[in-house]
Number of protein chains: 2
Amino acid sequence: MSTTNSLAVEDLGSAAQRDRRKRILDATITLASQGGFDAVQMRAVAEQADVALGTLYRYFPSKIHLLVSALQREFERTETALRDRPIEGDTTAERVITVLKRTTRGMQSDPQLTEALTRAFMFADASVAAEIHQVGMLLTSMLTRVMHPEGHTELTEEDVAIARVIGDVWLSALVGWVTGRSTAAETGQQIEVAVKLLLRD
Amino acid sequence: MSTTNSLAVEDLGSAAQRDRRKRILDATITLASQGGFDAVQMRAVAEQADVALGTLYRYFPSKIHLLVSALQREFERTETALRDRPIEGDTTAERVITVLKRTTRGMQSDPQLTEALTRAFMFADASVAAEIHQVGMLLTSMLTRVMHPEGHTELTEEDVAIARVIGDVWLSALVGWVTGRSTAAETGQQIEVAVKLLLRD
DNA sequence: GGACAAAGTGGAACGTGTTCCTATTTTAGA
DNA sequence: TCTAAAATAGGAACACGTTCCACTTTGTCC
């Protein structure tokens, strides 16, 4: 497609296309923030992004793709923001708990948005595997970096395994909270317990 | 309601009602086995159960309720079947891994059914909290019993916490498999790693 | 057994995700 | 600049979860 802009890893097309994509994702986030998963209606997204319904489907082949892509963009922002900030805490467990709780609090400050994105993530099937994988990598890299902030320590297989288990627990806790089956406090507790079990050294 | 049948803990109504409920759940399982979540269509369930659509909704207020109730019934069966069988394995970790892998294999032998039930479980909101909680309790009790088969050992808080974390990992692994993001082998591996991390003593 | 309430039937109707079609606009290449 | 291809607009149409309604059957109480 675009032969001029060869710098970007992902080819996002022309400026107009990039702009449309951005408008669509912005509209998605806005609607999700206001009314959660159910409020992200494809017709409403198209209208708010000033795009035809067919065009919306050309950019994102389903509501789930749309929401997972929005999640990916949000998560990348969070991850970048976190990268610059120094990580407080002496022990590994402390650092992981601090960072996870902070992130969780951030998500819980916009419950509707979190609900929409988490729901989409859980419902995504194989056709969204690429986006999902991207998010999973971001999470794992975030966790392992928190575990070994120096950066020069070699990551062991066990580190990665632990990061993965923590990610699983985090996701389960988030789903419990999003679906109204547990409170914010319980969510934090659940994560803390798991981290302490896994990082007791 | 029924004053005669006071033995049952849950009042399930008349024999006709119990029969309808059973027919509906049977139809649900059949359709789910054949075509997964998407194939469980409310009109199809009603027809196969020989029940009007309105009646189906009287028994189960939504598709999610229906599927989670089916999951509950299936899980109760599995759990009872497992209860009678002796648990092989010397160490706690071995026993847990054996049981979990066996259960997972059982589910993977009916992929469509597993997909339908897991999807529903993940999508359930607060209105299904009761049924979800029931399933969660079954899983935890199953795990703790495997961890302490003698029955006379007192359950510590840590035992329950570990069981919960394992349950979370299991669920995440299952979702990954159901949504086509990981293979059956990876699912087993994921569980095994987590259990070994949590039960290393 | 008659009357009343509860449960069930059959099907229309509505909302939202998704698909599809035609006309118009934008873009790329000669 | 002209033309063919690609992208977009606008909106109808379809599928399935869900609701609703008028009518019939079943169950209960006197």
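Values reported hereafter were calculated over all heavy atoms of this structure, with side chains retained and with hydrogens, waters and symmetry mates removed. Per chain, numbering begins at 1; letters A, B, ... match sequence-line order.
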Between P of D:dT18 and NE2 of B:His65, the distance in whole Å: 10 Å
Please determine if a side-chain N or O atom of A:Thr55 lies less than 4.0 Å away from the OP1 or OP2 oxygen of D:dA9. yes
Should the pair B:Glu79-B:Arg145 be classified as a salt bridge under the 4.0 Å nitrogen-to-oxygen rule? yes
A:Tyr59 side chain near D:dA7 phosphate (N/O to OP1/OP2, under 4.0 Å): no
To the nearest angstrom, how far is B:Arg58 atom CZ from D:dC20 atom P? 14 Å
Could you encode protein contacts along nucleotides 11-20 of chain C as a string, one character per nucleotide from 5' to 3', using B for base contact, S for sugar-phosphate-only contact and - for no contact, with a heavy-atom cut-off of under 4.0 Å? --B--BBBB-
Starting at CD of B:Gln17 and ending at P of C:dA7, how long is that distance when rounded to a whole Å? 6 Å
Under the 6.0 Å and 45° cation-pi test, does B:Arg119 pair with A:Phe123? yes
Least distance between heavy atoms, B:Gly167 atom then B:Leu139 atom: CA-CD2, 4.0 Å
Could you state the atom-to-atom distance from CG of A:Asp19 to C1' of D:dA7 in whole Å? 15 Å
Please determine whether a side-chain nitrogen of the Lys or Arg among A:Arg77 and A:Glu74 lies less than 4.0 Å from a carboxylate oxygen of the Asp or Glu. yes
In whole Å, I'd like the distance from the CG atom of B:Leu56 to the P atom of D:dT19. 12 Å
Mind calculating the distance between CZ (B:Phe60) and P (D:dT18) to the nearest angstrom? 14 Å
Using whole Å, what does the distance between atom P of nucleotide C:dG8 and atom CD of B:Glu47 come to? 19 Å
Minimum-distance pair of heavy atoms, taken over all atoms of B:Phe37 and B:Glu115: N-OE1, 2.8 Å
Report the relative orientation of the aromatic rings in B:Phe75 and B:Trp170; use parallel for angles under 30°, tilted for 30 to 60°, perpendicular for over 60°. tilted
Using a heavy-atom distance cut-off of less than 4.0 Å, which residues of residues 110-124 of chain A contact DNA chain D? none
Could B:Glu47 and B:Arg43 be called an ion pair, given the rule that one side-chain N must be under 4.0 Å from one carboxylate O? no
Test side-chain contact (heavy atoms from CB on, under 4.5 Å) applied to A:Val99 and A:Leu143, A:Thr104, A:Leu82, the passing residue: A:Leu82
Salt-bridge present (B:Arg102, B:Glu88; N to O < 4.0 Å): yes
